[in-house]
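First the structure, in the form of structure tokens, and then the observations on it.
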Amino acid sequence: MELVIGTKTWSTWSLRPWLALKRTGAPFAETLVQLREIETSTAEILKHSPSGLVPVLKDGDLTIWDSLAICEYLAERFPGAKLWPADPADRALARAAAAEMHSGFGALRGECPMDLKLKTKADLSEATRANVRRLVELWSGLLARSGGPFLLGGWSIADAFFTPVATRFRSYGIETGDAAADAYVARLLATPEFLEWERDALAA
Ligand SMILES: N[C@@H](CCC(=O)N[C@@H](CS)C(=O)NCC(=O)O)C(=O)O
């Protein structure tokens with residue numbers, strides 16, 4: 001398998017399936033495309049991706065060009081990795097949480113792009129503050145229901161989807177005002193898989 005990803009400092013959508021693929025333990029080749037290079041990025045991505053976006057997973061002659069679809073594929077191909085919770089109700093909640101992230105939180109994403117090299121204190125708009133309130137509500141509700149340590153108990157694709165959000169909370173000094181949410185953010189940023197990604201990003 002080959003996972004085509006964008007610059008590790010910025011590429012949130014690449015980070016999510018990369019974390020899931022690491023959790024499977026399967027060997028894979030990593031192809032890195034440098035984003036934001038006016039002369040080359042688009043052409044380089046189009047060599048791999050029909051949508052002109054990364055990430056892309058290649059498995060034999062199959063090409064999958066969306067982060068959530070890649071995670072779903074990995075969950076089916078590697079059932080032993082338990083990338084989704086085993087219980088149907090937990091799995092439905094994990095999918096709802098990942099889907100909400102995949103299609104939502106536009107204000108936070110636009111105003112606070114992931115930058116693993118950034119540390120600042122941002123003055124957030126009301127729209128982004130509303131996104132933060134919703135995230136805290138979502139996280140604390142699921143953590144209270146499962147008992148943690150991750151949203152549905154064990155680590156799942158839902159947690160992969162919120163790991164880039166955790167980096168934004170840290171980079172932009174976003175305070176949650178909620179102890180469970182703060183602990184969850186810290187936990188996402190302390191997984192061995194994320195730390196490996198971060199090491200690569202900071203070394204680049
Ligand atoms: N819905 C897509 C979004 C992918 C996306 O927006 N990728 C960005 C990088 S994080 C990209 O390829 N941008 C093109 C560019 O920067 O040239 C997914 O979930 O995979």
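- None of Lys47, Glu2, Glu44 except one satisfies the side chain to side chain donor-acceptor pair (under 3.5 Å) rule with Thr31; the exception is Glu2.
- Side-chain atoms of Met1 and Leu74, non-hydrogen and from C-beta on, do get closer than 4.5 Å to each other.
- Atom CD of Glu126 sits in a crowded spot, with more than 12 heavy atoms from other residues, nucleotides or ligands closer than 6.0 Å.
- Closest non-hydrogen pair, Ala75 versus Leu83, comes out as N-CD1, 3.8 Å.
- Applying the salt bridge (Lys or Arg N to Asp or Glu O under 4.0 Å) test between Lys22 and each of Glu30, Glu193, Glu196 identifies Glu196 as the sole match.
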| request: Start with the C-alpha distance between Arg170 and Leu189, add both sets of side-chain angles, then the distance that settles side-chain contact (heavy atoms from CB on, under 4.5 Å), and finish with yes or no. | output: CA-CA 9 Å; Arg170 182 177 64 181; Leu189 298 179; 3.9 Å; yes
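- Side-chain atoms of His102 and Arg95, non-hydrogen and from C-beta on, never get closer than 4.5 Å to each other.
- Put simply, CG on Leu46 and OG on Ser41 are 10.5 Å apart, with the number rounded to the nearest 0.5 Å.
- To the nearest 0.5 Å, the span separating NZ on Lys58 from CD1 on Ile64 amounts to 12.5 Å.
- Side-chain contact check for Thr63 versus His48: every heavy-atom pair is 4.5 Å or farther apart.
- Under the 4.5 Å side-chain heavy-atom criterion for Ile, Leu, Val, Met, Phe, Trp and Tyr, Leu188 and Phe169 are members of the same hydrophobic cluster.
- The minimum heavy-atom distance between Ala86 and Arg91, with the atom names listed, is O-NH1, 2.8 Å.
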| Can you list the steps and then say if Ser11 with Ile5 is a side-chain contact (heavy atoms from CB on, under 4.5 Å)? | CA-CA 8 Å; Ser11 189; Ile5 59 173; 5.8 Å; no
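- For the atom pair OG of Ser14 and CG of Leu32, the computed distance is 8.5 Å after rounding to the nearest 0.5 Å.
- Neither Trp65 nor Trp18 shares a network with the other; the hydrophobic side chains, linked directly or stepwise wherever heavy atoms of I, L, V, M, F, W or Y lie under 4.5 Å apart, form separate groups for each.
- No single ILVMFWY cluster, assembled from side-chain heavy atoms under 4.5 Å apart, contains both Met114 and Val54.
- Judged purely by atom type and a 3.5 angstrom limit, Ser156 has no side-chain atom pairing as donor or acceptor with the backbone of Pro85.
- No side-chain heavy atom of Arg23 sits less than 4.5 Å from a side-chain heavy atom of Asp159.
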| task | For the pair Ile174 and Leu108, evaluate side-chain contact (heavy atoms from CB on, under 4.5 Å) and give the outcome as yes or no after the intermediate values. | result | CA-CA 11 Å; Ile174 297 173; Leu108 175 69; 4.0 Å; yes
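- With a 6.0 Å radius and a threshold of 12 heavy atoms from other residues, nucleotides or ligands, Glu175 has its CD atom at or below the threshold.
- Within the 4.5 Å cutoff, the side chain of Arg109 has no heavy atoms near those of the Thr12 side chain.
- Counting heavy atoms from C-beta on, the side chains of Glu111 and Asn131 never come closer than 4.5 Å.
- The minimum heavy-atom distance between Trp13 and Met101, with the atom names listed, is CH2-O, 4.0 Å.
- Shown here is Trp10, whose CH2 atom has more than 12 heavy atoms of other residues, nucleotides or ligands within 6.0 Å.
- Of all non-hydrogen atoms in Phe161 and Cys71, the two that sit nearest each other are CE1-SG, 4.0 Å.
- Across all non-hydrogen atoms, the minimal contact from Ser140 to Val136 is OG-O, 2.6 Å.
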| task | Kindly indicate, with the supporting measurements, whether the criterion side-chain contact (heavy atoms from CB on, under 4.5 Å) is fulfilled by Thr167 and Phe194. | result | CA-CA 10 Å; Thr167 76; Phe194 174 72; 3.6 Å; yes
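- Between the CG atom of Leu138 and the CG atom of Leu143 there is a distance of 9.5 Å, given to the nearest 0.5 Å.
- For the residue pair Ala94 and Ala158, the shortest heavy atom distance occurs at O-CB, 3.7 Å.
- Between Cys112 and Leu124, some side-chain heavy-atom pair lies under the 4.5 Å cut-off.
- At least one side-chain heavy atom of Lys117 sits under 4.5 Å from a side-chain heavy atom of Leu202.
- Note on Leu142: it clusters hydrophobically with Trp155, by side-chain heavy-atom contacts below 4.5 Å among ILVMFWY residues.
- Trp139 and Tyr184 have perpendicular rings, their planes meeting at more than 60° on a 0 to 90° scale where under 30° would count as parallel.
- In this structure, CG on Asp178 lies 13.5 Å from CZ on Arg133, to the nearest 0.5 angstrom.
- One hydrophobic cluster, built from ILVMFWY side chains closer than 4.5 Å, cannot hold both Leu15 and Val4; they sit in different ones.
- With rounding to the nearest 0.5 angstrom, the CH2 atom of Trp84 is 5.0 Å from the CD atom of Glu72.
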